[in-house]
Asker: 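Have a look at the structure that comes next, please.
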Amino acid sequence: MTDAFNVAFRIPNLFRRFFAEGAFSQAFVPALAATRAERGDEATRQLVNHVASILSAALLCLCVIGVAGAPVLVWLMASGLKTDPRGFEAAVFMTRWMFPYIAFMSLVALSAGILNTWRRFAVPAATPVLLNLAMIGAAWLGAPLFLRWGIEPIYALAAGVMLGGVLQLGLQIPALLKLGVLPRPTLAIGGLRRAVADSGTRRVLSLMAPALLGVGVAQLSLIVNTQIASHLAAGSVSWITYADRLMEFPTAMLGVALGVVLMPQLAAARAAADAVQYSDLLDWGLRLVVLLAAPCAVALLTFATPLVSTLFHYGAFTARDVTQTALALKGWGAGLLGLIAIKVLAPGYFAQMDTRTPVKIALVVLVLTQVFNWLLVPHLQHAALTLSIGLGALINAAWLGVGLYRRGSYQPRPGWLVFSAQVFAACALLTVFLLWTAGKWDWVGLRGQPWQRIGLMAAVVVAAMALYAGALLAAGLRLRQFLRR
């Protein structure tokens with residue numbers, strides 16, 4: 001049933017990549033920033049209203065089709081669930097209930113793009129917390145209540161997802177009202193015609209076309225991997241999902257945050273024809289990626305079992321689940337630098353309104369990822385699926401970086417060799433420490449003493465942070481250099 005929920009939740013998340021922070025944001029944010037820089041706030045508000053109208057109409061049609069076609073979508077995503085009709089039917093049911101989540105998240109992405117363009121980053125950054133709180137509340141309070149009512153408890157999580165979508169959209173509205181840029185969409189035929197006729201809207205739509213292809217390529221890889229996982233051992237989809245939660249933590253904290261901040265800044269530098277500022281912003285972002293993502297990758301590779309044990313090893317989550325999730329997590333760790341670097345490098349193309357080049361690269365990487373799957377899945381099973389995406393991300397990031405360098409958009413500032421050596425030395429010391437702590441205690445065996453295990457984890461994390469920062473300082477790196485106005 002957990003596999004069924006994870007498959008059902010991936011379906012709206014897949015489409016969200018198209019209509020929310022994926023293709024839509026890649027096209028909307030640069031166009032919005034350029035319109036504000038070139039034509040002022042009033043024209044920008046008009047563009048917001050037109051884009052909101054077209055987006056609302058598209059989402060309405062998509063939700064109707066998605067709810068009606070849920071059985072087909074579930075089969076395309078994970079046909080292996082058909083071996084257990086109960087799990088397949090549950091996935092279809094939850095897909096229908098959660099599909100409107102796409103609409104909420106797409107409107108949240110529209111609102112976040114507006115707020116980020118006005119350099120209001122706090123509200124969009126805090127918004128995802130509400131989904132997490134809603135899902136925690138649904139699991140903690142809703143599931144026992146559903147069980148008492150004779151309803152499958154996993155359905156409580158589907159209700160939590162929908163509640164989270166409502167809360168996230170509601171949080172944006174006061175901030176938009178305060179700025180006077182609350183979107184006012186219309187579904188009237190005349191209003192939609194005017195929206196399509198607007199030059200700014202057409203710019204967004206023209207940029208979205210290749211961006212949709214690029215996001216589609218990335219999501220196709222996810223569909224293929226989920227499909228493969230559904231045919232492996234029961235629980236494979238869930239093991240990958242739990243590992244994905246830990247991978248998403250540094251990816252969101254570093255990659256998404258940097259991408260969100262850099263996109264409007266890069267677009268503004270591009271509009272001002274300031275090539276030096278453009279390159280410096282990319283250099284600053286890449287150095288932060290190396291500085292902060294490298295130790296995270298080390299932790300996922302060397303400290304996977306303690307992390308998974310402390311966070312998930314309770315209730316029905318067994319020691320075998322710990323082992324299998326840790327294996328998947330190590331696959332993510334191998335490619336974490338690439339996964340985060342893409343979030344910085346891709347905006348370097350999007351801010352130039354070039355959405356085609358990242359798509360071409362993504363197409364080649366998709367093929368390579370499936371080649372890795374073909375070679376590795378027979379030997380590593382579900383862990384191969386995360387490792388193949390990680391390896392593909394490293395290739396993707398390197399290709400994007402070389403492309404920006406060759407076109408002259410990015411010129412590395414002096415000091416990279418020394419900086420890389422400093423980070424490498426600190427990571428080597430961190431590796432030794434984490435390997436020692438991973439073997440010092442029986443993290444799985446401490447299941448009966450959860451608070452002792454949590455306390456140990458907290459102590460190790462604090463000590464690892466202090467060790468890494470101290471090693472950097474001892475190597476001569478000054479962290480204040482990364483502060484920018």
Side-chain angles (χ1 to χ4, degrees), residues 1-22 24-25 55 59-60 62-71 73-74 76-78 81 87-112 124-147 149 151-173 219 222-223 226 230 237-238 240-249 251-252 256 311-312 315:
M1 298 305 287
T2 307
D3 278 357
F5 168 75
N6 287 322
V7 168
F9 191 33
R10 284 189 182 189
I11 291 172
N13 271 322
L14 184 151
F15 284 97
R16 192 188 79 189
R17 301 285 195 254
F18 288 99
F19 291 92
E21 73 269 19
F24 174 73
S25 291
L55 181 63
L59 290 170
L60 180 62
L62 179 69
C63 287
V64 171
I65 295 170
V67 170
L73 291 172
V74 171
L76 289 171
M77 177 67 78
L81 289 179
F88 185 84
E89 290 167 8
V92 171
F93 181 80
M94 287 186 282
T95 297
R96 284 179 166 147
W97 274 99
M98 289 190 289
F99 211 89
Y101 172 73
I102 301 167
F104 289 112
M105 292 313 300
S106 300
L107 295 174
V108 166
L110 172 72
S111 305
T127 297
V129 174
L130 296 176
L131 173 64
N132 294 330
L133 291 176
M135 292 184 69
I136 290 169
W140 186 12
L141 305 174
L145 194 62
F146 275 38
L147 188 62
W149 292 343
I151 302 172
E152 170 57 50
I154 201 73
Y155 293 157
L157 283 182
V161 169
M162 287 305 298
L163 176 61
V166 173
L167 293 175
Q168 287 182 90
L169 183 58
L171 183 65
Q172 310 279 326
I173 293 174
Q219 297 314 301
L222 176 63
I223 292 171
T226 305
S230 75
V237 174
S238 295
I240 292 172
T241 301
Y242 288 122
D244 180 71
R245 295 302 86 205
L246 282 168
M247 178 274 292
E248 288 285 356
F249 184 74
T251 303
V256 174
L311 290 170
F312 299 132

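We use all heavy atoms of the structure for the numbers below, so side chains are in, but hydrogens, waters and symmetry mates are not.
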Asker: With rounding to the nearest 0.5 angstrom, report the CG to CD1 distance, D3 to I240.
Answerer: 9.5 Å
Asker: Measuring from T95:OG1 to M98:CE, what's the distance to the nearest 0.5 Å?
Answerer: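 The OG1 atom of T95 sits 6.0 Å away from the CE atom of M98.
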Asker: What pairs of residues pass the side-chain hydrogen bond (donor to acceptor under 3.5 Å, both in side chains) test when at least one of them lies in residues 152-165, not counting sequence neighbours?
Answerer: R86-E152
Asker: Dump the intermediate steps for side-chain contact (heavy atoms from CB on, under 4.5 Å) on M94 and F99, then the final yes or no.
Answerer: CA-CA 8 Å; M94 287 186 282; F99 211 89; over 6 Å; no
Asker: Rounded to the nearest 0.5 Å, what separation is found between the OG1 atom of T127 and the CG atom of N132?
Answerer: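 If I round to the nearest 0.5 Å, the distance is 11.5 Å.
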Asker: Rounded to the nearest 0.5 Å, how far does CE of M105 lie from CG of L59?
Answerer: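 Separation between the atoms: 12.0 Å.
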Asker: Quick one: CG on L60 to CG on L55, what's the gap to the nearest 0.5 Å?
Answerer: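 Answer rounded to 0.5 Å: 11.5 Å.
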Asker: Can you see which heavy atom on R96 is nearest to which on P71, and at what distance?
Answerer: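 So the two residues come closest at NH2-CD, 3.5 Å.
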Asker: Quick one: side-chain contact (heavy atoms from CB on, under 4.5 Å) partners of A91, sequence neighbours excluded?
Answerer: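 Counting only residues at least two positions away or on another chain, A91 forms a side-chain contact (heavy atoms from CB on, under 4.5 Å) with A4, V74, L81.
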Asker: Is any side-chain heavy atom of E89 closer than 4.5 Å to a side-chain heavy atom of V92?
Answerer: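 A side-chain contact under 4.5 Å is absent here.
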Asker: Do L157 and F146 pass the side-chain contact (heavy atoms from CB on, under 4.5 Å) test, and can you show the C-alpha distance, the side-chain angles, and the key distance before you say yes or no?
Answerer: CA-CA 10 Å; L157 283 182; F146 275 38; over 6 Å; no
Asker: Side-chain contact test, heavy atoms from C-beta onward, threshold under 4.5 Å: evaluate it for L131 versus F104 and give yes or no.
Answerer: no
Asker: Under 3.5 Å, side-chain donor or acceptor atoms of residues 158-171 against the rest of the protein: list the pairs with distances, not counting sequence neighbours.
Answerer:
{"from": "Q168", "atom 1": "NE2", "to": "G164", "atom 2": "O", "distance (Å)": "3.3"}

Asker: Taking all non-hydrogen atoms of both residues into account, name the closest pair between A156 and G142 and its distance.
Answerer: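 Shortest heavy-atom contact: CB-C, 3.7 Å.
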Asker: Taking all atoms of both residues into account, what is the closest heavy-atom pair of A8 and P12, and its distance?
Answerer: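 Heavy atoms only, the tightest pair is O-CD, 2.7 Å.
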Asker: Which value, rounded to the nearest 0.5 Å, describes the distance between N6 atom CG and S230 atom OG?
Answerer: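 Taking CG in N6 and OG in S230, the distance rounds to 12.5 Å.
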Asker: With a 4.5 Å cut-off on side-chain heavy atoms, are D244 and M247 touching?
Answerer: yes
